[in-house]
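Quick note: numbers below take in every heavy atom, side chains included, and nothing from hydrogens, waters or symmetry partners. Keep in mind that this is a model prediction, so the values were computed, not measured. The chains referred to below are lettered A, B, ... by the order of the sequence lines, with proteins before strands, and numbering in each begins at 1.
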Number of protein chains: 2
Amino acid sequence: MPRAGLSEDRVVEEAEQLADEGRPVTLAALALRLGVQAPSLYKHVAGADALQQLVATRAKNELADVLARATVGKARADAVDALARAYREWAIAHPGRYATTLRAPRMDDAAEVAASNRAVQVTFDALAGYGLEGDDAIDATRFIRSTLHGFVTLKAAGAFELPDLDRSFARMVAALQQSLANWNAVTI
Amino acid sequence: MPRAGLSEDRVVEEAEQLADEGRPVTLAALALRLGVQAPSLYKHVAGADALQQLVATRAKNELADVLARATVGKARADAVDALARAYREWAIAHPGRYATTLRAPRMDDAAEVAASNRAVQVTFDALAGYGLEGDDAIDATRFIRSTLHGFVTLKAAGAFELPDLDRSFARMVAALQQSLANWNAVTI
DNA sequence: CACGATTGGCTACGTCTAATAGCTTTTTAG
DNA sequence: CTAAAAAGCTATTAGACGTAGCCAATCGTG
């Protein structure tokens with residue numbers, strides 16, 4: 001029996017493709033694509049759950065990278081705009097992987113926890129130009145994440161039925177920028 | 001064999017409970033709770049998918065009712081505040097059912113489509129006091145939905161790691177109110 | 001009231017997925 | 001060159017969904 005030359009990375013990559021194509025990521029489907037019998041996959045990943053975990057961790061890291069690249073050298077409104085667009089683009093281009101980033105990180109998986117924190121940190125950093133600190137920065141970061149995440153997932157779920165989504169998104173980003181510029185005045 | 005006295009409603013209700021308890025909603029688990037063998041459930045619902053569909057439709061209607069009750073007789077900032085709190089409370093109190101409301105409605109299921117539209121309509125109506133019309137109202141509705149949905153799902157996913165969530169939420173609502181009050185000035 | 005039709009249970013079975021055990025072959029290390 | 005590790009395989013189990021078809025309970029109508 002000639003070897004297929006698999007590796008953990010190869011298996012995970014194929015799973016990512018499968019997910020982004022919108023197909024169910026089953027070990028059987030994965031094995032078929034890789035030209036191998038399903039049980040052979042266990043030589044490379046510990047099981048279906050572990051595979052999900054690996055895909056999620058890689059996706060979170062990639063999203064963090066994309067956001068970091070998009071916002072480097074920008075500040076305030078420019079940074080928010082770049083962050084929002086990059087976030088939306090990546091999520092829409094990689095729906096399967098994006099979906100995995102939404103799961104709560106398993107606290108016993110240091111790599112996944114770290115990946116989750118990276119993405120949050122990038123958003124946090126992008127707000128540096130606004131001079132927000134402490135609670136202000138925490139609240140603002142949560143506001144941005146909620147809004148972007150909500151828009152993208154509602155869109156992905158097909159919950160928006162009317163056209164003009166681009167305009168709505170742009171307007172939402174503008175509202176975010178305005179709120180952040182006056183964040184100190186936003187009190188409870 | 002004595003009859004168990006099941007009905008579609010009874011089965012769906014038990015599925016809702018199961019979901020809100022965080023347990024996987026399998027036909028086997030459902031049958032066990034109802035004191036019946038799994039295949040018997042097919043006399044009342046068409047299958048696992050159809051069951052999900054029924055739960056989702058009922059959940060969407062219930063959420064729409066809750067939001068409508070919360071906002072009746074209120075306007076502008078009061079309406080937004082009531083809407084936001086009611087949305088969050090219901091979602092957190094009924095995590096399993098809330099999760100089903102996120103799926104895109106199946107376009108071939110008129111009942112589910114109608115239920116989805118009702119929830120959007122309530123949000124839309126709550127903005128009436130701001131005098132927003134046409135595109136303005138559409139954009140604002142999407143903004144609100146995105147923000148609330150994003151916050152709730154990120155919270156449900158355990159994505160927020162730090163405390164002070166209530167303060168962050170209140171602040172977010174305040175930012176929403178401010179943005180809506182100045183919505184005309186929020187241009188792209 | 002009786003009896004046929006409908007309804008609501010059941011058992012048995014088939015398919016799919018995940019997972020484990022244990023075997024064989026290939027590759028690699030010493 | 002050989003022994004160990006790695007990477008395939010087959011076979012099997014367990015659990016989920018779903019279908020077929022049987023039989024008892026209930027209902028409706030003459």
Side-chain angles (χ1 to χ4, degrees), chain A residues 1-59 95-97 99-100 103-104 106 108-109 112, chain B residues 1-59 95-97 99-100 103-104 106 108-109 112:
Chain A
M1 44 187 106
R3 300 215 171 176
L6 296 189
S7 64
E8 182 180 283
D9 276 357
R10 181 76 193 81
V11 171
V12 174
E13 279 163 21
E14 198 70 29
E16 288 172 342
Q17 270 192 253
L18 211 47
D20 280 340
E21 288 170 16
R23 302 180 201 280
V25 182
T26 71
L27 294 183
L30 202 50
L32 188 66
R33 281 199 174 208
L34 293 166
V36 115
Q37 296 298 316
S40 305
L41 298 177
Y42 287 86
K43 298 290 183 180
H44 304 284
V45 294
D49 284 352
L51 177 61
Q52 272 293 110
Q53 195 101 359
L54 290 169
V55 171
T57 300
R58 286 170 53 126
R97 270 179 275 178
T100 68
R103 296 185 347 169
R106 289 198 44 178
D108 55 358
D109 180 342
E112 191 181 1
Chain B
M1 43 187 107
R3 301 214 168 177
L6 296 188
S7 64
E8 182 181 283
D9 276 357
R10 182 77 193 81
V11 171
V12 174
E13 278 163 21
E14 198 71 29
E16 287 172 343
Q17 269 192 253
L18 210 47
D20 281 339
E21 288 170 16
R23 302 181 201 280
V25 182
T26 70
L27 295 184
L30 202 50
L32 188 67
R33 282 199 174 207
L34 293 166
V36 118
Q37 295 299 316
S40 305
L41 298 177
Y42 287 85
K43 299 288 183 177
H44 304 284
V45 294
D49 285 351
L51 177 61
Q52 273 292 111
Q53 195 101 358
L54 290 169
V55 173
T57 300
R58 286 169 55 125
R97 270 178 275 179
T100 68
R103 296 187 346 170
R106 289 199 45 178
D108 55 357
D109 180 343
E112 191 181 2

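- In this structure, CG of A/L41 is placed 9 Å from P of D/dG8, rounded to the nearest angstrom.
- Rounded to the nearest 0.5 Å, atoms CD (B/E21) and CZ (B/R33) are 4.0 Å apart.
- Checking B/R58, B/Q53, B/R106 one by one against B/E112, the side-chain hydrogen bond (donor to acceptor under 3.5 Å, both in side chains) holds for a single residue, B/Q53.
- Closest to the B/Q37 side chain, of the nucleotides C/dG9, C/dT25, C/dT11, is C/dT11.
- One can place CG of A/L6 at 16 Å from C1' of C/dT25, the figure rounded to the nearest angstrom.
- Using a 4.0 Å heavy-atom distance criterion, B/A4 is classed as a sugar-phosphate-only contact.
- Using a 4.0 Å cut-off, no side-chain N or O of A/S40 falls inside it from OP1 or OP2 of D/dA7.
- In this model, no side-chain donor or acceptor of A/R3 finds a partner on the base of C/dT27 within 3.5 Å.
- Contact annotation: B/H44 side-chain N/O to C/dG9 OP1/OP2 distance is under 4.0 Å.
- Between A/L32 atom CG and C/dA18 atom P there is a gap of 13 Å when expressed in whole angstrom units.
- At least one side-chain heavy atom of B/L30 sits less than 4.5 Å from a side-chain heavy atom of B/L51.
- One distance of note links CD of A/E13 with CD of A/E16; it measures 6.5 Å at 0.5 Å rounding.
- Here the straight-line distance linking atom CG of A/L41 with atom CZ of A/R10 works out to 11.5 Å at 0.5 Å rounding.
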- Query: Tell me, for nucleotides 15-21 of chain D in 5' to 3' order, what letter each nucleotide earns: B for a base near a protein heavy atom under 4.0 Å, S for only sugar-phosphate near one, - for neither?
  - Reply: -SSBB--
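- Atom CD of A/Q17 is separated from atom CZ of A/R97 by 8.5 Å, given to the nearest 0.5 angstrom.
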